[in-house]
Q: 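Can you read through this structure? Questions will come right after.
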Amino acid sequence: MKKLLLGNAAVARGAYEAGVNVVASYPGTPSTEITEEIVKFEEIYAEWSPNEKVAGEVAIGASIAGGRAMSCMKHVGLNVMADPVFTVSYTGVNGGLVFCVADDPGMHSSQNEQDSRHYAKASKIMMLEPADSSECKEFTRMAFDLSEKFDTPAFIRLSTRVSHSQSLVELGDRADIPVKAYEKNPAKYVMMPGNAIKRHVDVEKRIADLIDFAETTELNSVEENGSKIGVITAGIAYAYAKEALGNKADFLKLGMVYPLPEKKIIEFAKKYDKVFVVEELDPVIETHCRALGVEVCGKECFTLLGEYTPAMIKKAVLGEELPEVLTADEAIPVRPPVMCAGCPHRGTFYVLKKLGLVVSGDIGCYTLGATPPLQSVDTTICMGASVSAAHGMAKAQGAEFNKKLVSVIGDSTFMHSGITGLVDIVYNKGNNTVIILDNSITGMTGHQENPTTGRTIRGEATKQVDLIALCKAVGIDRVTVCDPFDIKKFEEVVKEEVNAEEPSVIIAQRPCALLKTVKYSGTCKITDKCKNCKMCMKLGCPAITLKDGKVVIDATQCNGCGLCINVCPFGAIEKEEN
């Protein structure tokens, strides 16, 4: 039976068919749907972990205990998971262990463009890279077998286009793979120096064996069309190259991108007048080819930046332009990302902008607090950095700087990696104010549960982390809960806390407007009391616009949250029940 599947859903299907037992992940676009699809298979234990490091360690533990295990993340999540990943390369596995990492060329939803193939090489872990949904399923299924065969974890490298495009997938049955017996083996799994030195020998032997495997595996295949142009490529770049070049080039398609074959590449390249390496992001394959003495055309013909297109490849390889596509006669207006109507973060950033505070920001929907008209976020680095970076800013600038500095961090991100920053502030006598934006969900990646919501990935009730008790437990005596839509009260709280002589936490508590449990009613409208002061425009609500120079509220976008009512100084906005 064939079914049209997203690449991410196909990875989940491959893990299911491979008999996976445990999947632990942290949501991150473009990888999130893998684990969300896994939940549909009752035979598999699945969880959202507090962060990627924990998720990786859960999967590693399951593998050591004999189960087949997987952990999924986006490329920057692999940075968080790196510590255990590098060590499990030495320990090897018991049950098959697969890490799925989704890169984001073009930075559609990321703070950097990072090529995860470097991690495969640095950690000396095998990496497979599918080009479509069918390969997503097959490569994932094969990865578990290869993991156990070579006693190694395995990476599956995805990209935004592979993860989020659809193609036909042949569905198979779930393999009956019993959980392996657990045997005490400290020489293999206790990585103190004496054991690790010996295991490093096994790692190097494994890499040599995998290079031999790379020469003969069907994962690396040659497609001959009788051309004098050769193309070495992998993943989505292969799909683009095939579309652009058709039968005007021969292809060496690499499904295994670490370790790369040597003899196969040399023999392929000998046949052609010119050989191109087509790969998005960094010149990983290109560098390997040049190290083998193979002359190729690589980044000098393409780019290190962003995504490739068939048009770019056709022009670089054949010198031909693709036919122009139909375009609109008028320029399409830019539509930048914006906080949703009713977003609970809007009130917070309105107040922070009004007070002129320096805002150390974090990763989440609230990063949009940096965009006009709110424009209050000063920095965004990585998950959890808002807390610890603000501590550093204050230590560099001096104590008085704290009176104009706050951190903002979401509830899920605080659980991910904000807690340790807060501990650092307390332990090292900092005096920062941290605002936890508690919207009752992990919003940016599509409403996943987290330890503060009281529900598991399957919607089952569980213990809910008490943010107040947690903050007090690490040494914060000043913890205030406030609704950011109560503009006047929230402003008073922020002023009081930034001027306090000790560290403090403000929990800005209001649920995401898109949650099914949130039931705003009616719509807001402008009355004849309006003085056209445009104060409500400063909220950046997509429902509030100017028409013929006057403020209007679009009833089709307004959800009746009422924030604008609280902001209007003339009482000129009223709610009208539908």
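By convention here, the first residue in the shown sequence is residue 1.
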Q: For a side chain to side chain contact (heavy atoms under 4.5 Å, CB included) check, start with the C-alpha distance between Q114 and N79, then their side-chain angles and the critical distance, and finish with the verdict.
A: CA-CA 10 Å; Q114 181 178 303; N79 300 336; 2.9 Å; yes
Q: Taking the side chain from T433 and the backbone from S504, do they hold a donor-acceptor pair closer than 3.5 Å?
A: no
Q: Show your working on side chain to side chain contact (heavy atoms under 4.5 Å, CB included) between W48 and T32 and close with a plain yes or no.
A: CA-CA 10 Å; W48 288 129; T32 306; 4.0 Å; yes
Q: State whether the number of non-hydrogen atoms from other residues, nucleotides or ligands found under 6.0 Å of K395 atom NZ is greater than 12.
A: yes
Q: Would you kindly say whether N450 and T452 are connected by a side-chain donor-acceptor distance under 3.5 Å?
A: yes
Q: For S134 versus S167, what's the shortest heavy-atom pair and its separation?
A: N-OG, 3.8 Å
Q: Determine whether the side chains of D424 and S388 contain a donor N or O and an acceptor N or O closer than 3.5 Å.
A: no
Q: Is there a donor in the side chain of S412 and an acceptor in the side chain of Y26, or the other way round, less than 3.5 Å apart?
A: yes
Q: With K74, which of S110, S163, S31, S116 fulfils side chain to side chain donor-acceptor pair (under 3.5 Å)?
A: S110
Q: Show which side-chain atoms of residues 466-475 pair as donor or acceptor with protein atoms under 3.5 Å away, not counting sequence neighbours.
A:
unit_1: D466; atom_1: OD1; unit_2: I468; atom_2: N; d: 3.0
unit_1: D466; atom_1: OD1; unit_2: A469; atom_2: N; d: 3.1
unit_1: K472; atom_1: NZ; unit_2: D477; atom_2: O; d: 3.2

Q: So, the side chain of K534 versus the backbone of K531: is there a donor-acceptor pair under 3.5 Å, distance only?
A: no
Q: Counting only heavy atoms not in K315, do more than 12 sit closer than 6.0 Å to its NZ atom?
A: no
Q: Check R458 against F41 and note the closest heavy-atom contact, atom names and distance.
A: NH2-O, 3.5 Å
Q: Looking only at the side chains, is there a donor atom on one of N51 and S417 sitting less than 3.5 Å from an acceptor on the other?
A: no
Q: Please check if any side-chain donor atom of S25 sits under 3.5 Å from a side-chain acceptor atom of T35, or the reverse.
A: yes
Q: Is the backbone of G549 close enough, under 3.5 Å, to the side chain of N532 for a donor and an acceptor to pair up by distance?
A: yes
Q: Under a 3.5 Å threshold, yes or no: a donor from one side chain and an acceptor from the other, between H391 and N428?
A: no
Q: Got a salt bridge between R157 and D103, using NZ or NE/NH1/NH2 to carboxylate O under 4.0 Å?
A: yes
Q: Have E577 and S521 got a donor and an acceptor in their side chains that come within less than 3.5 Å?
A: yes
Q: How about H164 and N8: do any of their side-chain heavy atoms sit closer than 4.5 Å?
A: yes
Q: Begin with the C-alpha distance, continue with both residues' side-chain angles, and end with the deciding distance and a verdict on side chain to side chain contact (heavy atoms under 4.5 Å, CB included) for V434 and I409.
A: CA-CA 8 Å; V434 176; I409 185 167; 4.1 Å; yes
Q: Identify the residue among R510, K488, K489 that makes a salt bridge (charged side-chain N to carboxylate O under 4.0 Å, His left out) with D483.
A: R510
Q: May I ask you to say whether E321 pairs ionically with K314, meaning some side-chain N is under 4.0 Å from a carboxylate O?
A: no
Q: How about H75 and E113: does a side-chain donor come under 3.5 Å of a side-chain acceptor?
A: no
Q: Would you list the atom pairs, donor with acceptor, under 3.5 Å between side chains in residues 354-366 and any protein atom, with sequence neighbours excluded?
A:
unit_1: K354; atom_1: NZ; unit_2: E491; atom_2: OE1; d: 3.0
unit_1: S360; atom_1: OG; unit_2: S386; atom_2: O; d: 2.8
unit_1: D362; atom_1: OD1; unit_2: G384; atom_2: N; d: 2.8
unit_1: D362; atom_1: OD2; unit_2: G384; atom_2: N; d: 3.2
unit_1: D362; atom_1: OD2; unit_2: A385; atom_2: N; d: 3.4
unit_1: D362; atom_1: OD2; unit_2: S386; atom_2: N; d: 3.0
unit_1: D362; atom_1: OD2; unit_2: S386; atom_2: OG; d: 2.6
unit_1: Y366; atom_1: OH; unit_2: I363; atom_2: O; d: 2.7
unit_1: Y366; atom_1: OH; unit_2: G410; atom_2: N; d: 3.0
unit_1: Y366; atom_1: OH; unit_2: T413; atom_2: OG1; d: 2.9

Q: Are the side chains of T371 and P337 in touch, meaning some heavy atoms are under 4.5 Å apart?
A: no
Q: Looking only at atom types and distance, does a side-chain atom of D282 sit under 3.5 Å from a main-chain N or O of D115, one as donor and one as acceptor?
A: no
Q: Closer than 3.5 angstrom, by distance alone: can the side chain of E460 be matched with the main-chain N or O of T456 as a donor-acceptor pair?
A: no
Q: So H447 and K516, do their side chains get closer than 4.5 Å, heavy atoms only?
A: no
Q: Would you call E492 and K495 a salt bridge, taking side-chain N to carboxylate O under 4.0 Å as the test?
A: no
Q: Does the side chain of R346 reach to within under 4.5 Å of the side chain of C541, using non-hydrogen atoms?
A: yes
Q: Do K3 and V169 touch side chain to side chain, with heavy atoms closer than 4.5 Å?
A: no
Q: Would you say the side chain of P484 lies within less than 4.5 Å of the side chain of V351, judging by non-hydrogen atoms?
A: no
Q: Contact between I419 and F414 at the side-chain level, heavy atoms closer than 4.5 Å - yes or no?
A: yes
Q: Which pair of non-hydrogen atoms, one from P503 and one from I476, has the smallest distance, and what is that distance?
A: CB-CD1, 3.8 Å
Q: Taking everything shown except K299 itself, do over 12 heavy atoms lie less than 6.0 Å from its NZ?
A: yes
Q: The test is ring pair (Phe, Tyr, Trp, His ring centres under 6.0 Å); show your working for Y240 and Y308 and say whether it passes.
A: CA-CA 7 Å; Y240 296 155; Y308 286 6; 7.8 Å; no
Q: Would you say that P30 contacts L158 through its side chain, given a criterion of any heavy-atom pair below 4.5 Å between the two side chains?
A: no
Q: Which pair of non-hydrogen atoms, one from A234 and one from E129, has the smallest distance, and what is that distance?
A: CB-OE1, 4.1 Å
Q: Within the distance-only criterion (no hydrogens, no angle test), does the side chain of N559 pair as donor or acceptor with the backbone N or O of Y520 below 3.5 angstrom?
A: no
Q: So, for V567 and Y350, which heavy atoms are closest and what is the spacing to 0.1 Å?
A: CG1-OH, 3.5 Å
Q: Show the nearest heavy-atom pair for residues N432 and I425, with the distance to one decimal.
A: CB-CD1, 3.7 Å
Q: Which pairs, with at least one residue in residues 426-455 and sequence neighbours excluded, count as a salt bridge (Lys or Arg N to Asp or Glu O under 4.0 Å)?
A: none
Q: Ignoring hydrogens and angles, tell me if any N or O in the side chain of N439 forms a donor-acceptor pair with the backbone of H345 under 3.5 Å.
A: no
